[in-house]
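Owing to the predicted nature of the structure, the values given are computational and were not obtained by experimental measurement. Lettering follows sequence order; numbering is per chain, from 1.
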Number of protein chains: 2
Amino acid sequence: MGELTKLRAAPAAKAKRAAPVRKEDLPLGKILAGDCVSAMRKLPDASVDLVFADPPYNLQLGGDLNRPDGSHVDAVTDDWDHFDSFALYDKFTRDWLIEARRVLKPDGALWVIGSYHNIYRVGAILQDLGFWILNDIVWRKTNPMPNFRGTRFTNAHETLLWCSQGEKAKYHFNYRAMKTLNDELQMRSDWVLPICSGGERLKDDTGHKAHPTQKPESLLYRVLLATTEAGDVVLDPFFGTGTTGAVAKRLGRDWIGCERESAYREVATKRIAKELPLDESALKTMQSRKNQPRVAFGAVVESGFLKPGTQVFDKKRRWIAKVRADGSIECGKVTGSIHGVGKDLQGAPSCNGWTFWHYEVDGDVKPVDAARQLYLLAVED
Amino acid sequence: MGELTKLRAAPAAKAKRAAPVRKEDLPLGKILAGDCVSAMRKLPDASVDLVFADPPYNLQLGGDLNRPDGSHVDAVTDDWDHFDSFALYDKFTRDWLIEARRVLKPDGALWVIGSYHNIYRVGAILQDLGFWILNDIVWRKTNPMPNFRGTRFTNAHETLLWCSQGEKAKYHFNYRAMKTLNDELQMRSDWVLPICSGGERLKDDTGHKAHPTQKPESLLYRVLLATTEAGDVVLDPFFGTGTTGAVAKRLGRDWIGCERESAYREVATKRIAKELPLDESALKTMQSRKNQPRVAFGAVVESGFLKPGTQVFDKKRRWIAKVRADGSIECGKVTGSIHGVGKDLQGAPSCNGWTFWHYEVDGDVKPVDAARQLYLLAVED
DNA sequence: GAAGGCAGTGAATCTGAAC
DNA sequence: TGTTCAGATTCACTGCCTT
């Protein structure tokens, strides 16, 4: 971070006190061709209310990857995602962030989405440039791709950074709208949303996905609803197939896109043309209810509501097993989950371990489900 | 990031080919006083299996920042100077990460926990030093503090980074134990755990919380269970009230702490003294089949668990092959190992013959893996 | 028509021991 | 150092086809 630190923050658009930009002078509803830095240079200072950016993640993939069933994973191998070094990626990032900063109004905001491959570099650089992080948001995917080789944790989330122009800068946050959207609870920094698939996923003529990393509209929906007003101008420097434009149009926001690839520009143009502004009542029904958390037996053990080493047994005490540290149980040579061991011992097709296994508390015998209820109570506070 | 990028990874402890460090020469179960950089300097190269670090987050919170030598940095909270404090924080971060890297074994791993105030700086710096991010983990708090002023999203998570020593470095991951802990589904990168409160939260004599940022034991439990083995040495450079030590002791891991504040050291010492290790059988976890001894198909045939001449077939009976005396199989003109024949017949990139091929026993159809399990049971006794 | 089986797929830094 | 090959490894959801 050395060099950057010396730069100090460009004072951003703050210094410009010229006449405010007229919306008529902006290329609203247009997708600018070329790389985003050149494209943004055509825009005046302090002219947009929000920048939403989904830059390349700089994934550094090894060889091919196959699923356990032998099928091939269609990975992101496009040239635009490849950088030879962190240094080059950092320069690329700095360049587009500087332009984004110039183009943003003093009370404008920046959103960037990324994964662990790039988001720590992006985050450090935007802080160096003077952006002020308001929240980091975790998009928790309901249906991520599994880790097929069993080598790491399933990479089940991506991260968004929401920033103002500086520590003292103003910004817009529709607190009430977010709270309403979230069943009258404050909207949290973790958002549970499915990935983009099914009918929403755009296909090319051959039926292949039109873009490798299309984002779900629900994500943009929440971003725009939370941090813009109707009539605001939203700029997306990495427009892709135009999710930002489509949702902006639906929500009555103006938009400007930048996109290098003509194929993506064409798909986006057609897509947005079909989009219609949504009426208010439809907006309200788009949010899904919060889903009941599943509780893993391991989580109950981990949290101490049932200690490793505890003996558990079925109601008739035909079998006695011992709880192990990882939430597996052991009964003689049979080990596994509470469900699997109960099933195998009984020779049954299935078994609900929560009600099958019991333990003793102060002389009482209780199903292990009682420990789950204690866990849920503690977690709910 | 300029300067750092040029540094590139110190080759870490890899270069050291000296005699492996003996555990007797390490200050196991001790809390080293002083700042963590000086304390870590007393430890030999390549001597610990895991570093878990919960460094100070205090960037924008009023200048409560300390240099590695323990001296206090004067508060610099005006926005003119906040880059100076970023630079100081970066230097502090780099210093302790470099020592952590030296002390870690080549196949050791690093965990760091942080919030959006510091984690982007930490992440970029550790990448610059050559650490390789394996996952970023989101600790999703079930009971976070609300945002009282309604100005932002409720900050409901913290981030952990899990890193190996480098892109090609080895590391340990107890995949099966994690899958078991999560009810037979892969453990994801988002962990839902309550914050530390209630009886677990340590209090001082006045009933005030003993430490402002005490982490829940469940968090450390999962970290240590996932990425260490019993007997491993865990180092925590920011020991605080010793959550890492307490959980390490419980799980049969050795630990070393560093802590500047004597008050925290005292609380931690008492706390850990009370902790009891789990007995060995409770510590057993589900093992990956990768760790099981390799069994040649020929050995299973040789031992009579699958007789030469037996017909084996895939689940849909598209192909039928015959087992030969040497453990090869024959399907028409295709002959070879169970894996190779399965692969060639399907035209697949690879094939696990143990689960692909089946045989009949008493009218039941079983994968040939069942014969391997019988063989393993017989051999174990 | 309903239900169930089967195939396909998504921002993925995805093996390692033996020779 | 590189090459070979045994063999370990997946979750949620969509959509088409069969029963």
Side-chain angles (χ1 to χ4, degrees), chain A residues 54-78 80-83 86 89 113-119 139 141-159 194-201 203 207-209 211-216 238 240, chain B residues 127 131-136 163-164 166-168 170-171 173 175-176 179 182-189 287-298 315-316 327 336-343 348-357 368-369 372:
Chain A
D54 181 11
Y57 288 7
N58 188 26
L59 299 183
Q60 295 157 62
L61 306 178
D64 281 359
L65 180 64
N66 295 300
R67 298 185 180 79
D69 66 5
S71 63
H72 184 255
V73 175
D74 186 13
V76 180
T77 51
D78 308 65
W80 51 253
D81 195 51
H82 181 78
F83 294 81
F86 277 143
Y89 187 79
I113 182 168
S115 66
Y116 67 86
H117 311 86
N118 69 324
I119 200 67
W139 167 26
K141 302 179 184 182
T142 55
N143 49 349
M145 186 158 59
N147 181 300
F148 297 117
R149 306 304 292 268
T151 54
R152 305 181 180 188
F153 298 97
T154 304
N155 191 10
H157 74 276
E158 295 188 24
T159 301
I195 61 175
C196 178
S197 65
E200 188 186 327
R201 189 82 195 210
K203 304 289 198 306
H208 191 257
K209 58 189 174 191
H211 192 284
T213 71
Q214 188 184 338
K215 295 294 175 289
F238 306 96
Chain B
Q127 285 182 313
F131 282 108
W132 193 250
I133 299 178
L134 297 166
N135 279 115
D136 58 347
C163 318
S164 68
E167 179 174 3
K168 309 288 184 193
K170 289 189 175 161
Y171 60 91
F173 180 51
Y175 174 75
R176 273 301 323 178
K179 191 167 173 176
N182 195 38
D183 269 6
E184 291 306 312
L185 287 178
Q186 287 191 339
M187 186 69 82
R188 300 167 37 118
S189 58
Q287 292 300 304
S288 165
R289 299 178 66 178
K290 284 176 194 169
N291 301 342
Q292 284 184 11
R294 283 165 87 103
V295 176
F297 185 66
K315 199 139 203 181
K316 293 185 189 165
S337 72
I338 50 172
H339 315 295
V341 172
K343 177 168 82 86
S350 71
C351 170
N352 182 344
W354 292 110
T355 50
F356 180 74
W357 295 106
V368 296
D369 190 52
R372 174 168 61 167

- State which residues pass salt bridge (charged side-chain N to carboxylate O under 4.0 Å, His left out) with B:D136; sequence neighbours excluded, sorted by chain then number. none

- Query: Quick one: stems for DNA chain D, with Watson-Crick or G-U pairs under 3.5 Å, at least three in a row?
  - Reply: C:2-10 with D:11-19, C:15-19 with D:2-6

- Note on the structure: Sorted by chain and number, sequence neighbours left out, salt bridge (charged side-chain N to carboxylate O under 4.0 Å, His left out) with A:K209 holds for A:D74

- Item | Counterpart residues, side chain to side chain contact (heavy atoms under 4.5 Å, CB included), relative to A:H211 (two or more places apart) | A:W80, A:T213, A:T241, A:Y264

- Residues two or more places apart in sequence or in another chain: which of them pass side-chain hydrogen bond (donor to acceptor under 3.5 Å, both in side chains) with B:E167? none

- Residue set satisfying side-chain hydrogen bond (donor to acceptor under 3.5 Å, both in side chains) with B:S189, at least two apart, ordered chain then number -> A:H157

- For B:K179, enumerate each residue passing the salt bridge (charged side-chain N to carboxylate O under 4.0 Å, His left out) test, keeping only those at least two apart in sequence or located in another chain. none

- Query: Base, backbone or nothing for each nucleotide of nucleotides 13-19 of chain D, written B, S, -, heavy atoms under 4.0 angstrom, 5' to 3'?
  - Reply: SSS----

- Item | chain A contact limits on DNA chain C, taken 5' to 3' with a cut-off of 4.0 angstrom to heavy atoms | C:dT9 to C:dT15

- Task: Go through the structure and list residues passing side-chain hydrogen bond (donor to acceptor under 3.5 Å, both in side chains) with A:Q214, not counting sequence neighbours.
- Result: none

- Task: For A:R67, enumerate each residue passing the side-chain hydrogen bond (donor to acceptor under 3.5 Å, both in side chains) test, keeping only those at least two apart in sequence or located in another chain.
- Result: A:S71

- Item | All salt bridge (charged side-chain N to carboxylate O under 4.0 Å, His left out) counterparts of B:D369, not counting sequence neighbours | B:R289, B:R372

